[in-house]
Peer 1: 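Pasting a structure below so you can have a look.
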Amino acid sequence: MKKLFIIMSLFVVSNLYGETSILKAFPKETPNFAEVIKELNIDISNEIEDEKLSALNYILKNTFENNIHKMRGETGNKVYTKEDGREAVFDKNGQPVENPWNRGNYNFASYSEPVLKFTLDIWPWLYYGNSPDDPTDIEERFYYYLFDLDNGIQSYIFLEDKSILEKMKYSELVENEKVVYKFFEYLIFNPSYKHKLDAKGIKLYQKSKESYVRYFKQLLVLAGYKL
């Protein structure tokens, strides 16, 4: 696989708390993810094409917790995760990171279980942060999560043999799985995007960093960030 584009530094957020679809849809009082789907008018009865579903599954399996432990300028941090879910973060000098927004925590699900990973680990973190004294808010945390998702998307783009993707059927998923995959379909394959993550777009993005940036910028804007 080719080296992934590093694009985070290309974006300057002029208003981190901009309100458009996704940020506005996040619940203000209770962390009920089904409310997000409702607010975004996503109909889970509409099936996801097999190819897209396999792509989403692969992308989420390769969305590792990395940037979410480098918030507020701590770009030198390194994340280590054990088999049992325990996580440790070390700074650029090899010292454990202890601040409440970037320190490691315990994960309940593995990356091989993308729906559980999102519902048990990512979504609660997005809503509550690392701890009661975490000074970040959901808008800031989601911004950094999108750049971990970016790595998953790029991993899919540069996957040479896409025939190895796990074959999946939307009709065989249980409801909570459908909810999560439909949310990410909305974010990654939104039909309103001018720049698509389809076969034609993938070939272009493999050759042109600028073209990929235009695609990914759409996700940030849809999320509610003004660039």
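Everything numeric here is computed off the predicted structure, so don't read it as measured data.
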Peer 1: How about Phe189 and Tyr193: are their ring centroids closer than 6.0 Å?
Peer 2: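 Phe189 vs Tyr193: aromatic centres not under 6.0 Å.
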Peer 1: Is any side-chain heavy atom of Tyr156 closer than 4.5 Å to one of Asn62?
Peer 2: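 In short, these two side chains do not touch, never coming nearer than 4.5 Å.
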Peer 1: If we check side-chain contact (heavy atoms from CB on, under 4.5 Å) with Lys169, which of these qualifies: Ile48, Leu53, Asp50?
Peer 2: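 Between Lys169 and the candidates, side-chain contact (heavy atoms from CB on, under 4.5 Å) is satisfied uniquely by Asp50.
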Peer 1: Before giving the answer on side chain to side chain contact (heavy atoms under 4.5 Å, CB included), spell out for Leu173 and Val115 the whole-Å C-alpha distance, their side-chain angles and the decisive distance to 0.1 Å.
Peer 2: CA-CA 11 Å; Leu173 302 179; Val115 172; over 6 Å; no
Peer 1: Taking side-chain hydrogen bond (donor to acceptor under 3.5 Å, both in side chains) as the definition, give me every residue that meets it alongside Asn66, ordered by chain and number, with sequence neighbours left out.
Peer 2: Lys70
Peer 1: I'd like to know if Arg72 and Glu140 make a salt bridge, using a cut-off of under 4.0 Å between side-chain N and carboxylate O.
Peer 2: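 The answer is yes: the pair qualifies as a salt bridge.
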Peer 1: Pick one: which of Ile202, Ile157, Ile188 meets side-chain contact (heavy atoms from CB on, under 4.5 Å) with Tyr215?
Peer 2: Ile188
Peer 1: Can you confirm whether Lys167 is buried at NZ, in the sense that more than 12 heavy atoms of other residues, nucleotides or ligands lie under 6.0 Å from that atom?
Peer 2: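 Enclosed: over 12 neighbouring heavy atoms sit under 6.0 Å from NZ of Lys167.
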Peer 1: Quick check: are there more than 12 heavy atoms from other residues, nucleotides or ligands sitting under 6.0 Å from CD of Glu49?
Peer 2: no
Peer 1: Under a 4.5 Å cut-off applied to non-hydrogen side-chain atoms, are Tyr205 and His195 in contact?
Peer 2: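 Tyr205 vs His195: side chains touch.
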Peer 1: Are Leu159 and Ile164 close enough that some pair of their side-chain heavy atoms sits under 4.5 Å apart?
Peer 2: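 SC-SC contact between Leu159 and Ile164 confirmed.
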Peer 1: With the side chain counted from C-beta on, respond yes when Leu23 and Tyr225 share a heavy-atom pair under 4.5 Å apart, and no when they do not.
Peer 2: yes
Peer 1: Check for me whether the distance between the ring centres of Trp123 and Tyr145 falls short of 6.0 Å.
Peer 2: no
Peer 1: Can you tell if the side chain of Asn46 reaches within under 4.5 Å of the side chain of Tyr170, non-hydrogen atoms only?
Peer 2: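 Asn46 vs Tyr170: side chains apart.
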Peer 1: Can we call the ring centroids of Tyr181 and Phe118 under 6.0 Å apart?
Peer 2: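 No, the ring centres sit 6.0 Å or more apart.
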Peer 1: Between Lys178 and Glu175, is there a side-chain N and carboxylate O pair less than 4.0 Å apart?
Peer 2: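 Salt bridge flag = no for Glu175 with Lys178.
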Peer 1: Can a salt bridge be assigned to the pair Lys117 and Glu65 using a cut-off of 4.0 Å between side-chain N and carboxylate O?
Peer 2: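 Counted as a salt bridge, because a side-chain N and a carboxylate O are separated by less than 4.0 Å.
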Peer 1: Would you say that Asn67 contacts Asp150 through its side chain, given a criterion of any heavy-atom pair below 4.5 Å between the two side chains?
Peer 2: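 No, their side chains stay 4.5 Å or more apart.
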Peer 1: Between Asp198 and Gly201, what is the shortest heavy-atom contact and its length?
Peer 2: OD1-N, 2.7 Å
